[in-house]
Protein chains: 2
Amino acid sequence: MFENETALQQPVASDRALIKDVHELVESYPRVPITVDCVIFGFDNNELKVLLIRSDIEMYHGKWSLLGDFAHDHEELDDAAYRVLRERTGMDDVYLEQVRTFSKPNRHPGGRVLTVAYCSLLNSEHHDLKILDNELHWHVVKTLRSEDVAFDHKEILDTCYAWLQKRMLEHPLGLNLLPEKFSLRELQNLYEAILDIKLDRRNFRKKFFSMDFLIDTGEYEDDVHHRPGKLYRFDFDKYKLNKKRWTGIEF
Amino acid sequence: MFENETALQQPVASDRALIKDVHELVESYPRVPITVDCVIFGFDNNELKVLLIRSDIEMYHGKWSLLGDFAHDHEELDDAAYRVLRERTGMDDVYLEQVRTFSKPNRHPGGRVLTVAYCSLLNSEHHDLKILDNELHWHVVKTLRSEDVAFDHKEILDTCYAWLQKRMLEHPLGLNLLPEKFSLRELQNLYEAILDIKLDRRNFRKKFFSMDFLIDTGEYEDDVHHRPGKLYRFDFDKYKLNKKRWTGIEF
DNA sequence: GCCATGATGTGTTATTTTTACACTATCTAC
DNA sequence: GTAGATAGTGTAAAAATAACACATCATGGC
């Protein structure tokens, strides 16, 4: 059904001219400014939050933006995203993943600008750093409205939030939102808040223990006004070795 | 734990200068040429294939490229990807999805070029179009080697293939690779080839019938040298209505 | 026409996974 | 020491998955 099956690696028999000067080729094409935008999620007070900065653009006065920057010359975009995180939070040991590129021609009022969205997860130990000045603010994701943010950043945020929800079902990356030691209640609160569902406590515990990557630290919560729960730590090596796949949480 | 909780929508109390001229801002930043690259998958002869074109760049003489092009001014990248497909195949009713942006600074020998990879699925009815000249060739995905292709296109292909494998487990998009009417054997062959696993025939049929979006056309295969199987059609509306999620194929 | 070949089509059972559900233990606050 | 709140635990039903074998039907060769 497919034609031309056997043509692999035959000599070129073409009337096209071969391009000798690739630099000239690249020079001849249109160029676009590129930004990276980091959707930095945090979890606190049983709510998923996103770190936004006051827009410094006059027409977006009073609105908030994702943390982003133009990509430097010859800078890989992953590096640019890490740079933004480092500049804003002082941290570079954070979870970061590329999510999607946004390219609507009119998404930026100053002309065409492409942006590549990155999703990043900070835990509350990172929050304790003095990264917050008057320009930065943790916003509750669920209540943030389109009118509150600049550009198409609500759309980007929504895309990243949907990405996070889906990704949480196949990979325990949500643990990056918790401190190193955490209780099972904190873990369950995290899943319930992000997935926006109610989970059964016994089944939740059973499922996580069966996956066998929670290490009992022997310690207990001490900042809590009721019976303290055990604190666990996530064993990343055990997780990687575990052939049992993360089948999704659907209690 | 998070500071600054209540600052939402308060007046800006900042010493930053507000940016008035967004055009000037955008003008001041570095620009990068952008391409889209389409990873066009087809399925034939029980093998997953990818459509490649002979490179017209002298230093890649004899190598193959993904079908791509520079993005036009003010062209959304999805549109650019559809344009590439239309120009190459004459089709625009095909499955297309953005997969990932590739940005290694040296990925293009002519200087920095970003590329946004799109994954596209053509079925054998599209293949029958006379889209194939001497420049185009369907390559078997499993046997394609890095040395056969130009740029970082093997890496892009690998990423898209992994994306396809994963996506097939959560969405029946693989049906886009089959003609409108298909037999269950063809469907199973598709899944076995793409996921690179062996499936139990009875369980496979049971699973698909239970999902209740295959319509019996009443027709039978007629191009086959054995007992012909029934032909089915995919009911996309029923699929969308079906609350039963696509739980993955793991027979 | 008959037979060999090869793919179609079909059910049941065991196993595993998921879901639903309630009580006691322990710590804090008062 | 008592009230309040969360920690911690097991079992049984239901659903999904996995393993498995044989009769049917069209073709192709004789």
Side-chain angles (χ1 to χ4, degrees), chain A residues 45-46 168-170 172 178-179 181-193 195-233 242-251, chain B residues 45-46 168-170 172 178-179 181-193 195-233 242-251:
Chain A
N45 206 244
N46 290 346
M168 290 266 293
L169 296 177
E170 57 186 31
L178 293 177
K181 299 171 187 174
F182 51 86
S183 70
L184 279 171
R185 176 177 37 77
E186 292 175 296
L187 186 59
Q188 182 170 348
N189 285 343
L190 176 75
Y191 274 83
E192 291 187 337
L195 300 177
D196 199 24
I197 50 177
K198 199 76 191 123
L199 299 172
D200 178 272
R201 193 155 50 96
R202 275 172 293 187
N203 292 335
F204 183 83
R205 298 167 81 93
K206 211 187 310 171
K207 179 127 188 170
F208 270 83
F209 286 135
S210 80
M211 286 190 279
D212 198 37
F213 55 59
L214 293 183
I215 301 173
D216 186 343
T217 63
E219 296 171 59
Y220 289 84
E221 297 177 288
D222 61 0
D223 53 350
V224 105
H225 287 213
H226 52 75
R227 176 180 175 183
K230 276 191 184 174
L231 294 176
Y232 294 86
R233 183 201 312 275
N242 199 341
K243 59 205 161 296
K244 192 176 199 167
R245 72 203 165 108
W246 183 267
T247 49
I249 309 254
E250 287 266 340
F251 301 93
Chain B
N45 205 245
N46 290 345
M168 289 267 292
L169 296 177
E170 57 187 28
L178 293 177
K181 298 170 186 173
F182 51 87
S183 69
L184 280 170
R185 175 178 35 78
E186 292 175 296
L187 186 60
Q188 182 171 345
N189 285 343
L190 177 75
Y191 275 82
E192 292 187 337
L195 300 177
D196 199 25
I197 49 177
K198 200 77 190 120
L199 299 171
D200 178 272
R201 194 154 49 94
R202 275 172 293 189
N203 292 334
F204 184 83
R205 299 167 82 92
K206 212 185 311 170
K207 180 128 189 172
F208 271 85
F209 287 135
S210 80
M211 287 190 275
D212 199 37
F213 54 60
L214 293 184
I215 301 172
D216 186 341
T217 62
E219 295 171 61
Y220 289 83
E221 297 177 286
D222 61 359
D223 55 349
V224 104
H225 287 216
H226 54 260
R227 174 180 177 182
K230 276 192 183 172
L231 294 176
Y232 294 87
R233 185 199 312 275
N242 199 340
K243 60 204 161 295
K244 190 175 198 168
R245 72 202 164 108
W246 184 269
T247 49
I249 309 251
E250 286 266 341
F251 300 91

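Throughout, a chain's letter reflects where its sequence line sits, starting with A, and its residues are numbered from 1. Both backbone and side-chain heavy atoms feed into the values below; hydrogens, waters and symmetry mates do not.
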Rounded interatomic separation in angstrom, taking [atom1] from [X] and [atom2] from [N]:
X: Asp200(B); N: dT8(C); atom1: CG; atom2: C1'; result: 14 Å
X: Asn189(A); N: dT6(D); atom1: CG; atom2: P; result: 10 Å
X: Tyr220(B); N: dT8(C); atom1: OH; atom2: P; result: 13 Å
X: Leu231(B); N: dA7(C); atom1: CG; atom2: C1'; result: 14 Å
X: Phe209(B); N: dG11(C); atom1: CZ; atom2: P; result: 12 Å
X: Asp222(A); N: dA7(D); atom1: CG; atom2: C1'; result: 16 Å
X: Leu214(A); N: dG8(D); atom1: CG; atom2: P; result: 12 Å
X: Leu187(A); N: dA7(D); atom1: CG; atom2: C1'; result: 15 Å

Distance below 4.0 Å between Lys207(B) side-chain N/O and dT17(D) OP1 or OP2:
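For Lys207(B), the contact criterion (side-chain N or O under 4.0 Å from OP1 or OP2 of dT17(D)) is met.
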The contact string for nucleotides 22-30 of chain C, one letter per nucleotide 5' to 3', using protein heavy atoms under 4.0 Å with B, S and - for base, sugar-phosphate only and none, comes out as B--BBBSS-
Not counting sequence neighbours, which residues clear side chain to side chain donor-acceptor pair (under 3.5 Å) with [X]? List them please.
X: Asp196(A); value: Lys142(A)
X: Arg233(A); value: Glu180(A)
X: Asp222(B); value: none
X: Glu219(A); value: Lys181(A)

Is it the case that the side chain of Thr217(B) and the backbone of Leu231(B) share a donor-acceptor pair, with hydrogens and angles ignored and the cut-off at 3.5 Å?
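Checked: pair present.
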Choosing from dA20(C), dC20(D), dT10(C), which nucleotide comes nearest the side chain of Asn203(B)?
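Side chain of Asn203(B) sits closest to dC20(D).
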Residue Arg185(B), side-chain atoms from C-beta onward, closest of dA7(C), dG8(D), dG10(D):
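Nearest listed nucleotide: dA7(C).
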Of all residues at least two apart in sequence or in a different chain, which pass the ring pair (Phe, Tyr, Trp, His ring centres under 6.0 Å) check with Tyr232(A)?
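Tyr232(A) satisfies ring pair (Phe, Tyr, Trp, His ring centres under 6.0 Å) with Phe209(A) only.
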Does some side-chain heavy atom of Glu192(A) sit less than 4.5 Å from a side-chain heavy atom of Ile197(A)?
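When only atoms from C-beta onward are counted, Glu192(A) and Ile197(A) do not touch, as no gap falls below 4.5 Å.
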Please evaluate the base of dT12(C) for a donor-acceptor partner in the side chain of Lys206(B) within a cut-off of under 3.5 Å?
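When only heavy-atom distances are counted, Lys206(B) does reach the base of dT12(C) through a donor-acceptor pair under 3.5 Å.
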